[in-house]
There are 2 protein chains.
Amino acid sequence: MTGERTATLDDVARAAGVSRATASRVVTGQGPASPRARDRVTAAVAALGYVPDASARALVTRTGTRLAIAVIGHTAAVLDDPYVGRVLTSAAHVAAEREVGVSLHWLPLADPGSLARLADGRGLGGLVVVNPTRPALESVPRTLRGRVAAVGVGARHVPSFDVDNRAGTDGVVRHLARTGRRRIAMVTGPAWLPCCDRAVDAYRRVVRDSGAEPRVVTGDFTAARGAEAATEIMARWPDTDAVFALSDLTALGALDGLHALGVRVPGDVAVAGFDDIAFAGLSRPALTTSTHPVEDIAAAAAQAVLDRRDTSGATFYPSALVVRDSA
Amino acid sequence: MTGERTATLDDVARAAGVSRATASRVVTGQGPASPRARDRVTAAVAALGYVPDASARALVTRTGTRLAIAVIGHTAAVLDDPYVGRVLTSAAHVAAEREVGVSLHWLPLADPGSLARLADGRGLGGLVVVNPTRPALESVPRTLRGRVAAVGVGARHVPSFDVDNRAGTDGVVRHLARTGRRRIAMVTGPAWLPCCDRAVDAYRRVVRDSGAEPRVVTGDFTAARGAEAATEIMARWPDTDAVFALSDLTALGALDGLHALGVRVPGDVAVAGFDDIAFAGLSRPALTTSTHPVEDIAAAAAQAVLDRRDTSGATFYPSALVVRDSA
DNA sequence: TATTGCGGTGGAAGCGCTTCCATGTATGGG
DNA sequence: CCCATACATGGAAGCGCTTCCACCGCAATA
C-alpha cells in the first residue's frame, strides 16, 4: 500500500526520462520544449495520473489562483434569501470558466475585521465582497488592493457592482403614482446596508413631488418581516393605498399580511416588490416588481477581479419595471 | 514601496529574537516554548501583522484543510433552483465554524471524470458531492476515500444524506387519496438523478393500491417545466384530479399552467409539491407540500466529512406533510 | 560533586514546484 | 568548413513553512 503515494513532478520526469525542469515546462505550457519531450512527458502524466499540487505551485508562483467570496452579515435572513445563492452560483460559474477555484466565507456583521484575516492564504487571486459595508471594505489588506470588487455599493475605493435601485425604485413608485396611488408606503432593507439609501432617496423624491409625505418602514428582506411591516403600515397609516418593498420576498410577505388583514390586493392596496425573483410571477396576484440582474452583477464583479480590470467606481445595472397584477 | 512585502515567519523570528523553529512552534501552538519566547513571538506577530501562508503550510503538512463542494449537473435548471444555494450556504456555514475554507466546483453532468481532477490541490480535507451520480462518485480519487459524503443518494460506498422522499411522497400521495383524489399524476425530477426513483416508487405503490394506473411525467425541477408538464398531463389524461410534483418550483409552475388552462385549484385539480420552500406558503392557493430539511442534510454531510465520521450508508431525513390550500 | 533527565532551543532538511542560468546541440550564413 | 544564433535542456536555488534531531543548560537525584 506504500505505492499509493500520489505522483509528483519528479516521478513524471523520471518516467519520461527528462529533467524536472523540462517536465515542469511541458506541464505548465510555459517555455520551450521539443515535441519529443512534450510527448514523453504528456504520456507520463497520463500514465501516472499526475496532477500538479496547487499548494506547491502557489507557493512558488505567488500567484494565488482562487477567488474568495465573502458574504457579510451572516444571519438567518441572509441565509433564506435566494440572493446570496444566486450571487455565489454566478460568481462560481465565472471562476470555473477560468479554471479558478472559489472559496466561500461568511463574515459576521459585527466583526468586519475578519475580512483582513481572510487574506490568510495570500493564495487568493481576488476577493468579491457581498453586502459590503464601509468598515469591512476598509479592512481589506493592502496585499489585495486592486483585486477586490463588491457586489452592492459600499466604499468608494473599491469597484462596486449593483442594480440601479435608484432608477428601479423611481420606476416602480412612478408606476404606482401613475395608476392613481397617492399614499404610498415603502419597506426598506436592513439599515446597515448602504445600498438601500439610494432607493429610499428615489422613493422620497417621487412621493414628495406628488405632494405626499413619505411613509418608510425598515425591513430586513425577509418574507416574515414583510407581513409584519404590512400590518404596521396599515395600523399606522390606515389610508395607505400602496406598499412598495425593496425585496420581492418582503413584498410577498406583505401580500400575505394584507390578505390576513382582509385587505384586497390590488383593489384596496397595490403591492410592488423589487428583484423579480422566480416566484414573483407565480404568486396570486402575480407580483409587480422591478428586475434585478443578480447573475450579471455577480459575474461582472468576479470578472473584474479575475481580469484585474480596474473598473473603478460603481457600476449600476439597469432595472426594468415588470407590471403584473398586484399593482 | 518595496517594504510592502508581507511579513514571513522569518521576519517574525528575527523581530522576536528567536529562531524560525521556535516562532513556528509558538504560532502553531505545537511543541514546547518558554513563556518568554511565547510572549515575544506573539508580540512580533501582532506588530508585523503576520499571517501564515496557507500554501506553504499545506505543502509541508500535507494536511489540506479545505472542504470542496462539487455540484454535479451544471445546467440552468440547477442554477435557478434555490436548492443548491441552500446546500452551499449551510455547508459553508458548518465549515466556517470549524475555520475550514470551502471551495466550490461545478461539474458538467457529461464529464463526471472531472471529479477526479478536483483532487488537484490535494489540499482538500474533504469533499461533498451534490446531486451525486454513480459514475461520478466512483471516479473519486482513492486519496479522498473516507473523506467524501454525498448530498442526495448515489453510490453505495459513500455515505449519503438525503430527505426521505419515499416516505414524504407516500405521505403526500396518501393525503391526496384521502381527500378523494383518485386520478393522481406525478411530475418527477430529471431522469439522471437516482434519488427520484425512490419517490416514484412510493407514488406507484400508493396509486396501484388504490386500484388506479400511475401517470408519470418527467420533469427537471424547474417552474417552466411544471407549467408544461401540467398542460401535457391534462391533454393526455383529461380526467386527472391531482398533480404531485417532486419539487415545489415545479408545482408552482403547474399551478400557473393549470390556471392558464382555466382549471381551478384545488376545485378541479389538487396540486402538491415537495420541499416546502419559502414561497410555498405564499402562493395563491398556498401550496400543500412536504418538508425538505436541506440545511440539516447539507450540514450533516459537511460534518461527516470534516469529522471523519464513517457514517456509512444512506441517512434519510424525515419529510413532514404540510397541508395548505392547494390540496 | 558527578550523573541523569528534561524542557527549551536552533540548525538544517525537505515538502513539490517554478525559473534563472549555464551548458550543450542542431541550424543557418559567411 | 567554421562561427554566430537559436533553441532545447538539466542543475540548482529558493518560495514559506514544519519538524526531526542534536544540543545546551538547568534542576533533581544518586
Side-chain angles (χ1 to χ4, degrees), chain A residues 2 4-42 44-45 48-66 101 119-125 141 143, chain B residues 2 4-42 44-45 48-66 119-125 143:
Chain A
T2 53
E4 283 288 358
R5 237 187 67 254
T6 38
T8 111
L9 191 57
D10 255 323
D11 300 331
V12 172
R14 212 169 306 126
V18 299
S19 76
R20 189 167 64 226
T22 304
S24 173
R25 276 182 220 112
V26 172
V27 170
T28 59
Q30 310 279 7
S34 67
R36 194 184 112 89
R38 201 173 299 277
D39 289 348
R40 306 197 54 162
V41 171
T42 313
V45 165
L48 277 71
Y50 169 74
V51 185
D53 182 305
S55 306
R57 183 174 280 182
L59 178 57
V60 49
T61 57
R62 302 280 71 194
T63 170
T65 173
R66 217 176 79 229
D120 64 351
R122 281 169 231 161
L124 62 182
T143 336
Chain B
T2 53
E4 282 289 0
R5 237 187 69 255
T6 40
T8 118
L9 190 58
D10 256 325
D11 302 330
V12 171
R14 213 169 305 126
V18 299
S19 77
R20 188 167 66 226
T22 304
S24 173
R25 277 183 220 111
V26 173
V27 170
T28 58
Q30 312 277 8
S34 65
R36 194 185 113 89
R38 200 175 299 277
D39 288 348
R40 304 198 54 162
V41 171
T42 312
V45 165
L48 277 71
Y50 169 75
V51 184
D53 182 306
S55 306
R57 181 174 281 183
L59 178 57
V60 49
T61 58
R62 303 279 72 192
T63 170
T65 173
R66 217 175 77 231
D120 63 351
R122 281 168 230 158
L124 65 181
T143 336

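Excluded from the calculations below are hydrogen atoms, water molecules and symmetry mates; all remaining heavy atoms, backbone and side chain alike, are included.
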Check: Can you find a heavy atom in the side chain of B/Ser24 that is under 4.5 Å from one in the side chain of B/Leu9?
Finding: yes

Item checked: Spacing of OH belonging to B/Tyr50 relative to OG1 belonging to B/Thr42, to within rounding of 0.5 Å -> 12.5 Å

Checklist line | For B/Ala16, all residues meeting side chain to side chain contact (heavy atoms under 4.5 Å, CB included), sequence neighbours excluded | finding: B/Val18, B/Arg40, B/Val41, B/Ala44

Notebook entry, point to check: Given atom CZ of B/Arg14 and atom C1' of C/dG10, what is their separation to the nearest angstrom?
Noted result: 15 Å

Checklist line | A/Asp11 bridged to A/Arg14 by N-O distance under 4.0 Å | finding: yes

Item checked: B/Pro32 or B/Leu59, whichever maps to the more 5' nucleotide of DNA chain C -> B/Pro32

Check: Does A/Arg25 use its side chain to pair, donor to acceptor, with the backbone of A/Ala33 at less than 3.5 Å?
Finding: no

Next item on the list: Return the value, rounded to whole Å, for the distance between atom CG of B/Asp10 and atom P of D/dC17.
Entry: 8 Å

Short N/O separations, protein against nucleotides 18-21 of chain C, under 3.5 angstrom:
residue	atom	partner	partner atom	Å
C/dT18	OP1	A/Arg57	NE	2.7
C/dT18	OP1	A/Arg57	NH2	3.1
C/dT18	OP2	A/Ser24	OG	2.8

Next item on the list: From the options D/dG16, C/dT9, D/dA8, select the nucleotide whose nearest atom is closest to the side chain of B/Ala33.
Entry: C/dT9

Notebook entry, point to check: So do A/Val12 and A/Arg20 actually touch side chain to side chain, heavy atoms under 4.5 Å?
Noted result: no

Item checked: Inter-axis angle, terminal five-pair segments of the helix from C/dT1-D/dA30 to C/dG30-D/dC1 [nearest 10°] -> 50°

Item checked: Approximate separation, where rounding is to 0.5 Å, of A/Asp53 CG and B/Leu59 CG -> 6.0 Å

